[in-house]
Amino acid sequence: MQPLLSEQEILRRQKREQLIGLGIEPYPAALYNFTHTAKQIKDSFPEEKPQETENGEENFDEFKEISLAGRLMTHRVQGSAAFAEIEDSTGRMQLYFRRDEICPDEDKTMYNTVFKKLLDIGDIIGVKGYIFRTNVGEITLRATEFTILTKSLHPLPIVKRVENEDGTVKTYDAFTDSEQRYRQRYLDMIVNPEVRDVFKKRSQLMGVMREYLNDKDYLEVETPILQPIYGGAAARPFKTHHNTLDMPLYLRIANELYLKRLIVGGYDGVYEFAKDFRNEGMSRFHNPEFTQIELYVAYKDYEWMMNLVEEMVEKIALKLHNSTEVKVGENTINFARPWKRYTMYEAIEHFTGVDISEMNEEEMRKTALQLNVPIDDTMGRGKLIDEIFGEHCEPKLIQPTFITDYPVEMSPLAKKHRTKEGLVERFEAVCNGKEICNAFSELNDPIDQRQRFEEQLELGKRGDDEAMVLDEDFLNALEYGMPPTAGLGIGIDRLSMIMTNQNSIQDVLFFPQMRPKAQPKYASQSDYTDLGIRTELIPIIQKLGFLTIEDLKEAIPSKLFNDMCGMRKKMKLKEVKNPTKEEVEGWLKK
RNA sequence: GAUUCCGUAGCUCAGCUGGUAGAGCACAACACUUUUAAUGUUGGGGUCCUGAGUUCGAACCUCAGCGGGAUCACCA
């Protein structure tokens, strides 16, 4: 069921028909071999002017038989010659057409009709020809032949970019409506090529990690997304149901407990790029489904893991930006090793001037109040520390910084600190005011782990709907013995945001979660004809805004009759006979 | 979930104190052989998000709803 088409959309459908009428297939089946991409040509075409040929044109042998394929983005017709630009996956290339070169024979249809009339911005074409440089110096393909590869039926948003003399690019009429950009990401990518670059960088980012970890002989694995017991994090899950087993299943909120089972099983290192799902609020930092990499390495501890994180993230910056420095908003962030390291207590002392390391819960509560940190009575010591840190430290940490040694209450899967009472061997890396990773020396004492889970169960009983659920099989695995292990989780989306200077998680996800747009059920041709409406009258009814049968049924017959006669005249449909009043009444009665 | 801003042509946006809708690009027609936001002339294109209310009259005011953005809350 199509909504009413715009003038331009109707026209493009007609052009498609006309192409077919001329014997030109608008969607040919055969492959199209192109010899180059736009970038390859621009990178390799020489700066220097060569010996000019007799007719005053440059002519390099190696740039003689060139073909390209891409989407037509602009055209400037000047009578019997024309300029156009196509964009392929690597960028744009200007094309130059001449009528007599496209149509060397008497028949000028290919130029006059197909090129000038039937081709639209957005169509995908292939071109053959040779490369030259225009008077103004732009590398251009002089087309001797072109092939329509795909006819586009929707007009494209037109974005114009002008390069100033100082090299800055000014954009006019940018396609910026975020709703349309996210709902129709393909359109966003067509007209905003820098969007494609963001996702390319995201892919490279994951590629660097994969390569780095594979070089260390760690194993990339896959673990269940559908889990009977969700665990490994504190969050509300999405719940679903398996019909054959007739049991509830949950989309994973983390994969931590499965990866640890694999360490128990004997691998030295395992990692997984995991889509996790959390049924919680959405914001520019939260999407219901998001990607984390989790890594577990046997016989290592969190100190060791910090060095790995530094090295790996530095490599990412170098790969994506050829520099350890990355501009993010107002800030320039330098990922060069080594990163600053604070214990949580040191960080709080550094930013507030208060040493809370020796305080009991009551003193800490007072301190929080003095520091204007919003607190409530349910908060224990661990939560208070976390709140103070979140309020006064985290937002100020712009350069990558490790924060170590967290309160045990907040970390039910981390090993107790080897020397510091009440703390665990955990670190987060904070960057641009946000956490980018979370890691610990993993808790492998099964008795301790059971106690921690039971404390979580208590929290759950007290109404914390995000407290962890006890996973008996995971404990069973630990009881067989898991070697000392360092574990790490990095939010791929958030790291991508920083590495690509994007302000919202939606800008690093191809298809961010959106509320579906309510689509009215548009009536089809047969829905109308079933009511006895003549086919030629349907456009008039649609034009009057009756796009669903429900709407039409509610119309007042005499008014509909009058409106239709008026609209028929306005649409200049002289050959269409007006309906009679009885005819109209007949439709609405059915 | 709360607060707030926004929704007008295919796109980007104007639209005064309420008086029947405007521009640029895109589209159509004509002209044009090195243009590049090509140019010149002419023309077509609108459910002003939806629904109700106030009014002689609503794109504009009021209320409700839908969708989106931002901030906050929640969220390891």
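Convention: sequence-line order gives letters A, B, ...; per-chain numbering from 1.
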Sugar-phosphate only, base, or nothing, as touched by A:E435 at under 4.0 Å among non-hydrogen atoms: sugar-phosphate
Quick one: side chains of residues 485-492 of chain A, donor-acceptor pairs under 3.5 Å with protein atoms, not counting sequence neighbours, listed by atom name and distance.
| residue | atom | partner | partner atom | Å |
| --- | --- | --- | --- | --- |
| A:T485 | OG1 | A:P483 | O | 2.7 |

Listed partners of A:D188 passing side-chain hydrogen bond (donor to acceptor under 3.5 Å, both in side chains), at least two apart: A:R181, A:R185, A:N192
Who pairs with B:A37 - Watson-Crick or G-U, where each distance is under 3.5 Å: none
Closest nucleotide among B:A37, B:G67, B:U34 to the A:E179 side chain: B:G67
base_contact_polar (B:U35 base, A:Q94 side chain, donor-acceptor, <3.5 Å): yes
Gap between atoms CD and C1', on A:E442 and B:A76 respectively (whole Å): 14 Å
N/O (side chain, A:K160) to phosphate O (OP1/OP2, B:A26) under 4.0 Å: yes
Any residue meeting side-chain hydrogen bond (donor to acceptor under 3.5 Å, both in side chains) with A:K108, in chain and number order, not counting sequence neighbours: A:D100
Any N/O donor-acceptor pair, A:E138 side-chain to B:U36 base, under 3.5 Å: yes
Sugar-phosphate only, base, or nothing, as touched by A:S178 at under 4.0 Å among non-hydrogen atoms: sugar-phosphate
Base of B:U36 paired with side chain of A:R161 (donor-acceptor, under 3.5 Å): no
Expected output: side-chain A:D88 to main-chain A:G91 donor-acceptor under 3.5 Å: yes
Length of the CZ-P vector between A:R92 and B:U36, whole Å: 16 Å
For atom NZ of A:K170 and atom P of B:U36, their distance in whole Å: 18 Å
Touch class at under 4.0 angstrom, heavy-atom based, for A:R515 against every strand present: sugar-phosphate
Distance between C1' atoms of B:U39 and B:U71 (Å, rounded): 47 Å
Distance test, side-chain N/O of A:S80 to OP1/OP2 of B:U33, below 4.0 Å: yes
Pairwise C1' distance for B:A23 and B:A9, with rounding to whole Å: 11 Å
Euclidean distance for C1', B:U62 against B:U55 (whole angstrom): 12 Å
Sugar-phosphate only, base, or nothing, as touched by A:K434 at under 4.0 Å among non-hydrogen atoms: nothing
Whole-Å gap separating P (B:G45) and CG (A:L5): 16 Å
Exam field: side chain A:T109 to backbone A:T113, donor-acceptor pair closer than 3.5 Å: no
Complementary nucleotide of B:U20, counting Watson-Crick and G-U pairs under 3.5 Å: none
Atom pair distance, as rounded to whole Å: NE2 in A:H75 and C1' in B:C32: 15 Å
Please list, for nucleotides 4-11 of chain B, all pairs of protein and nucleotide N/O atoms separated by less than 3.5 Å.
| residue | atom | partner | partner atom | Å |
| --- | --- | --- | --- | --- |
| B:C11 | OP1 | A:Q180 | OE1 | 3.3 |
| B:C11 | OP1 | A:Q180 | NE2 | 3.4 |

Side-chain (A:Q449) to main-chain (A:P412) donor-acceptor, under 3.5 angstrom: yes
Sugar-phosphate only, base, or nothing, as touched by A:R284 at under 4.0 Å among non-hydrogen atoms: sugar-phosphate
Under 3.5 Å donor-acceptor, A:K396 side chain and A:H392 backbone: yes
Backbone of A:A414 reached by a side-chain donor or acceptor of A:R426 within 3.5 Å: no
Inter-nucleotide P distance (B:U50, B:U8), Å rounded: 10 Å
Whole-Å C1' distance, B:G69 and B:C56: 39 Å
Aromatic ring pairing A:F132/A:Y96, orientation class (parallel under 30°, perpendicular over 60°, tilted between): tilted
Between C1' of B:G68 and CE of A:M514, the distance in whole Å: 7 Å
Touch class at under 4.0 angstrom, heavy-atom based, for A:K15 against every strand present: sugar-phosphate
Sugar-phosphate, base or nothing in reach of A:Q292, heavy atoms under 4.0 Å: nothing
Phosphate OP1/OP2 of B:A31 contacted by A:K116 side-chain N/O (<4.0 Å): no
RNA chain B: 5'-proximal contact among A:T74 and A:Q506 (nearest heavy atom): A:T74
Opposite nucleotide pairing with B:U4, Watson-Crick or G-U, both atom distances under 3.5 Å: B:G69
Between B:U33 (P) and A:K108 (NZ): distance, integer Å: 14 Å
Sugar-phosphate only, base, or nothing, as touched by A:R183 at under 4.0 Å among non-hydrogen atoms: sugar-phosphate
Closest listed nucleotide, where the reference is the side chain of A:Y182 and the choices are B:G69, B:U35, B:C32: B:G69
Under 3.5 Å on both distances, the Watson-Crick or G-U partner of B:U50: B:A64
Pairing residues for A:R183 by the side-chain hydrogen bond (donor to acceptor under 3.5 Å, both in side chains) criterion, not counting sequence neighbours: A:E179
Nearest-angstrom distance, C1' atom, B:C30 to B:U36: 23 Å
Distance, C1' atom - from B:U17 to B:A70, rounded to whole angstrom: 31 Å
Counter-base of B:A28, judged by Watson-Crick or G-U geometry with both distances under 3.5 Å: B:U42
Atom-pair distance (CZ on A:R181; P on B:G67), nearest Å: 21 Å
Pairs touching residues 97-118 of chain A that satisfy ring pair (Phe, Tyr, Trp, His ring centres under 6.0 Å), sequence neighbours left out: A:F97-A:F115, A:F97-A:F146, A:Y111-A:F115, A:F115-A:F146
Presence of A:R76 side-chain N/O under 4.0 Å of B:U35 phosphate oxygens OP1/OP2: no
Whole-Å P distance, B:A52 and B:G24: 35 Å
